Structure formats: C-alpha cells, structure tokens
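A short write-up of the structure that comes next.
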Amino acid sequence: MPQHPELLWAQRSSKTTPDKNVIYLTVNLPDIKESSLKFGLSETSLQFSATAGDAAKGIDEKEYSFELDFFKEINATESTKRLNSRSLYLVLRKKDLEEEYWPRLTKEKVRNSHIKTDFSKWVDEDEQDGEAAANDDDDMSAMGGMPGMGGMPGMGGMPGMGGMPGMGGMPGMGGMPGMDFEKMMAEMGSASGGGAGPSGTDDDGDDSDDDGPPPLEDAESAK
C-alpha cells in the first residue's frame, strides 16, 4: 500500500500583487524517480504518486501517493513546480487576491499528521510587508559557496630605525651690528668703579678692597 509523504507548507497574501499571494508547498520526499512521477493539479485539488528511494544509498524504493482538496481555488496555470533530489517544490498562486491568510491548506477541517507548517518559509500575516519571497532550497544549494578568504599575509618586521643624526652645535650668534662690545663693557666698568668681568666679579676671584685684619704684631705695636 502506498505511503503518504510529508508535506510542508507556508503562505503569503496580497490584495494587489498576484506573485505575493501564494502557497509554498513542499513534498518532502528525497530521491523521487522522475519516470514514475504522476502529478495532477487543478484549481481545487492536487494528486501525486511516485516511487522514491535509492538502492545505491541503501534506501529501499517505496510507493508514495496522496490527494488533497485546497481550502480555496488556485490558479493552476500560473503555479509552478520543481523536482530536485530532496523534494518536489510547488508555488501555488491563490486565485482570490486578499489580505487574509488561509486558515488551513485543505478544504476539510480534518487533522492530517502528514501536513506540517514549513517554519523555514513561514511569516506571520502582520509581518509579511517587505518580506522577500521564499526561496526554493534547491536554488540555494545550487549556489557555490563563497570562496574562502585567504589568510592575512604575514606582516614583515618593522625595519630598524636608524639612529637619530647628531644635532650640530647651534651656530654662533653674530654680534649685533653697530655695537662695540668692548667699549660698552669698559664704560660699564668705569661706571661701577671696578674692573669686573662680564660676570660682575674679578677675574682672579680676589676682592682688592678687603685686605683682611692687620697682622697680630702690628696690632700690638699700635698699643
């Protein structure tokens, strides 16, 4: 007896844009034999049957099938399907353009354990504005990985910094033009009554005006 495959679904709704008013339905069944696939889609229902499995991978081939009636009509001619190695992916256009979500996928309000919400594609009704359309997982897997980024090249050692060049002595400052420095110093000396050098002291460090106390014998004779 054929088994019922797992079905994953999500949806978007729009009152103005048909390609944003859709049902995303995935028949989550790997290794479907394309030659055995029987697929029927109408405005009100979907029929599916196929053999799936791969003996080379140790997966037994089995028969699968299901039928379901949609909650509301779809536009079958504008709907699309894609078969890949993991699943059959359908994008079903809802016939009625409306803002409200379908409350369920099927016409009858009967719980079916094989039909589950596709949380990887689901967006709440009040959060779908600006949300990009869901991508087929196969499209993503077909994209090559981002090329690996090469490691950062090693940074060469900082070149040795040469010693700071010696700073030459400050060049001598030339005398101020028009001034006779020796004459100016001589005038300063005569004004002070001493032969002080530029520093204001005698060259030999002695004070000629201070001869110290008189010798002891001179002091005795004075008595």
Side-chain angles (χ1 to χ4, degrees), residues 1-14 17-96 100-125 127-128 131-148:
M1 181 178 177
Q3 298 183 21
H4 196 306
E6 181 182 60
L7 305 180
L8 304 175
W9 80 291
Q11 63 179 315
R12 300 288 188 276
S13 63
S14 175
T17 310
D19 60 359
K20 292 183 179 180
N21 190 56
V22 297
I23 297 290
Y24 300 118
L25 180 62
T26 302
V27 182
N28 193 27
L29 184 63
D31 301 312
I32 295 174
K33 302 295 183 183
E34 188 173 2
S35 59
S36 69
L37 177 61
K38 295 180 181 179
F39 178 85
L41 183 64
S42 70
E43 291 185 344
T44 59
S45 64
L46 169 64
Q47 298 84 37
F48 169 93
S49 67
T51 300
D54 189 340
K57 296 179 182 178
I59 303 173
D60 294 337
E61 294 186 3
K62 297 179 181 180
E63 300 293 326
Y64 295 86
S65 69
F66 70 89
E67 294 184 12
L68 63 81
D69 294 326
F70 298 123
F71 176 75
K72 284 187 175 182
E73 292 185 356
I74 66 164
N75 188 333
T77 58
E78 295 294 325
S79 298
T80 62
K81 72 178 187 296
R82 176 174 294 182
L83 178 65
N84 58 47
S85 62
R86 294 173 296 167
S87 62
L88 177 65
Y89 180 70
L90 311 173
V91 180
L92 309 174
R93 291 277 187 91
K94 299 176 184 177
K95 189 173 184 179
D96 297 331
E100 294 77 18
Y101 270 6
W102 287 7
R104 57 185 179 276
L105 178 63
T106 59
K107 184 175 182 179
E108 299 296 329
K109 192 175 181 179
V110 177
R111 179 176 175 78
N112 186 329
S113 61
H114 300 290
I115 301 175
K116 301 176 181 179
T117 300
D118 189 345
F119 290 105
S120 68
K121 296 180 175 65
W122 188 271
V123 175
D124 288 340
E125 183 177 340
E127 296 179 353
Q128 62 178 329
E131 183 71 20
N135 289 317
D136 180 1
D137 291 341
D138 188 59
D139 289 342
M140 298 300 290
S141 63
M143 295 175 63
M146 294 291 287

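Since we're looking at a predicted model, the values are computed, not measured. These numbers come from the heavy atoms of this one structure, side chains and all, not from hydrogens, waters or symmetry mates.
The shortest distance between side-chain heavy atoms of N112 and T106 does not fall below 4.5 Å. When side chains are defined from C-beta on, L90 does not count as touching T80, because their heavy atoms never get closer than 4.5 Å. In this structure, the side chains of E108 and D69 stay at 4.5 Å or more apart for every pair of heavy atoms. Counting heavy atoms from C-beta on, the side chains of Q47 and K38 never come closer than 4.5 Å. Counting only heavy atoms from C-beta outward, the side chains of I74 and R93 never approach each other to under 4.5 Å.
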Checking side chain to side chain contact (heavy atoms under 4.5 Å, CB included) for the pair L7/V27: CA distance, chi angles, key distance, verdict? CA-CA 5 Å; L7 305 180; V27 182; 3.9 Å; yes
Audit row: F48, L29, side chain to side chain contact (heavy atoms under 4.5 Å, CB included) steps and yes/no: CA-CA 12 Å; F48 169 93; L29 184 63; 4.3 Å; yes
F66 vs H114, side chain to side chain contact (heavy atoms under 4.5 Å, CB included): CA-CA, chis, key distance, verdict: CA-CA 10 Å; F66 70 89; H114 300 290; over 6 Å; no
Check step by step if side chain to side chain contact (heavy atoms under 4.5 Å, CB included) holds for L46 and L25. CA-CA 11 Å; L46 169 64; L25 180 62; 3.6 Å; yes
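Taking each heavy atom of K116 and E6 in turn, the nearest pair found is NZ-OE2, 3.1 Å. Taking all atoms of both residues into account, the shortest heavy-atom contact from Q128 to S13 is NE2-OG, 2.7 Å. Shown here for S65 and P2, the closest heavy-atom pair between the two residues is OG-CB, 3.4 Å. For the pair A10 and D118, the tightest heavy-atom approach, listed with the atom from each and the gap, is CB-O, 3.9 Å. Annotation for Y24 and Y89: closest pair CD2-OH, 3.4 Å, computed over non-hydrogen atoms. When all heavy atoms of L41 and S79 are compared, the closest pair comes out as CD2-CB, 4.0 Å.
The NZ atom of K95 lies 10.0 Å from the OG1 atom of T44; values are rounded to the nearest 0.5 Å. For the atom pair H4 NE2 and L68 CG, the distance stands at 7.0 Å (nearest 0.5 Å). From F70, atom CZ reaches atom OG of S45 across 7.0 Å, with rounding to the nearest 0.5 Å. Atom-to-atom distance recorded for K94:NZ and Y101:OH is 7.0 Å, nearest 0.5 angstrom. Separation of atoms CD (E127) and CH2 (W122) is listed at 12.0 Å; rounding is to 0.5 Å. Between D96 atom CG and N21 atom CG the span is 8.0 Å, to the nearest 0.5 Å.
In terms of modelled atom types and a separation under 3.5 Å, the side chain of Q3 and the main chain of K62 share no donor-acceptor contact.
Of the N and O atoms on the side chains of T77 and N75, at least one donor lies less than 3.5 Å from an acceptor on the other residue.
Within a 6.0 Å sphere centred on NZ of K33, other residues, nucleotides and ligands contribute more than 12 heavy atoms.
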